[in-house]
Amino acid sequence: MNNVELHPANEPMLQRLPAKLTELGTGMMIRRALPNRQKRMIGAWCFLDHAGPMDIGNGEGMRVGPHPHTGLQTFTWMIEGEVLHRDSLGFEQVIRPNQVNLMTAGRGISHSEESPAQHSSRLQLAQFWIALPNEHRYCQPAFQHYPDLPVILQDGFRVTLLVGEALGERAPTEVYTPLVAMDFTANEAATTQLSLNPDFEYGVLVLEGEAVVMGEILTAGVLLDLGIGRTELNMQSTGATRLLLIGGEPFKEDILLWWNFVARTQDEVIEYTRLWNAGEHFGGVKGFQGERLIAPTLPEGVKVHS
Ligand code: MN
């Protein structure tokens, strides 16, 4: 797919895309902003989930049993609470607020995610997927935990650089196509501007509070698609607000996204599904108390399209 979208008058795209409420694991409702009927990807970002903020008290919280991934990186940005990650490489990592986990699935990995037994009563995180380009999508799987990201204070915003380069800083997170991701947090009304790369497409996702971005009033549950060709972004918080800005070079390949797999063809998806459900190829996750997830098989004759 080609995400170069310009309005007829050559004005950059500006559209509001509602997130879908979706169930993650057992009973946990999350907002899914991508993929969207009007928009499949922003750069290599192909899947945007926002969980919480929610009160999980002493309860089970998040609980997603072992499942596989291919052809992507899962990017987790922890905002409130903790999540315990376990994977088939043997990594066992608790992620805490202001930290990033980046799992590179490559040719195939499996993992589980759960609230640890001892956990905070609050939970909030963003989990995004990054599609891997062809030359890297069969790479060896990897997992990286980033406890420290660059922080810049600007015009009343605390800006954390999660991916890429901006404001004179460079994030340590390792990605395979030109991308950026930034968290903007304000405790009160604030106004700022940011230079953008006109070769990138961008989107803004408000997580908490209210912001005005390029004149659009945004709250949680809406992704503002900013398109490509912009050199500057104006944003305002009207009070305590947190938002994420993501962007990247338009992804040049057609991807096929099915369940937890990013692939290119239906045959690949069918094969990954078969391998996972047969207990092959994706290794095992040790220590998770519960069942592994079963991949839904494609109904006979159904074609999935990129
Ligand atoms: Mn996963």
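Ligands are counted one by one from 1 in listed order, and the atoms in each one are counted from 1 as well.
- The distance cut-off of 2.8 Å around the Mn ion (ligand 1) captures these protein N, O or S atoms, sorted by chain and number: H67 NE2, H69 NE2, H111 NE2.
- Taking the six-membered ring for Trp and the full ring otherwise, the centers of W276 and F261 sit at least 6.0 Å from each other.
- The hydrophobic cluster around V212 extends to I217, counting ILVMFWY residues whose side-chain heavy atoms fall within less than 4.5 Å of a member.
- Side-chain atoms of T192 and Q154 form a donor-acceptor pair, as typed in the model, at a separation below 3.5 Å.
- For the side chain to side chain contact (heavy atoms under 4.5 Å, CB included) test, residues two or more places apart in sequence or in another chain that qualify with T177 are A44, P133, L179, F251.
- L84 belongs to a hydrophobic cluster with V94, counting contacts under 4.5 Å between side-chain heavy atoms of Ile, Leu, Val, Met, Phe, Trp and Tyr, direct or through other members.
- Ionic pairing of R230 and E11 is not present here: no N-O contact between side-chain nitrogen and carboxylate oxygen is shorter than 4.0 angstrom.
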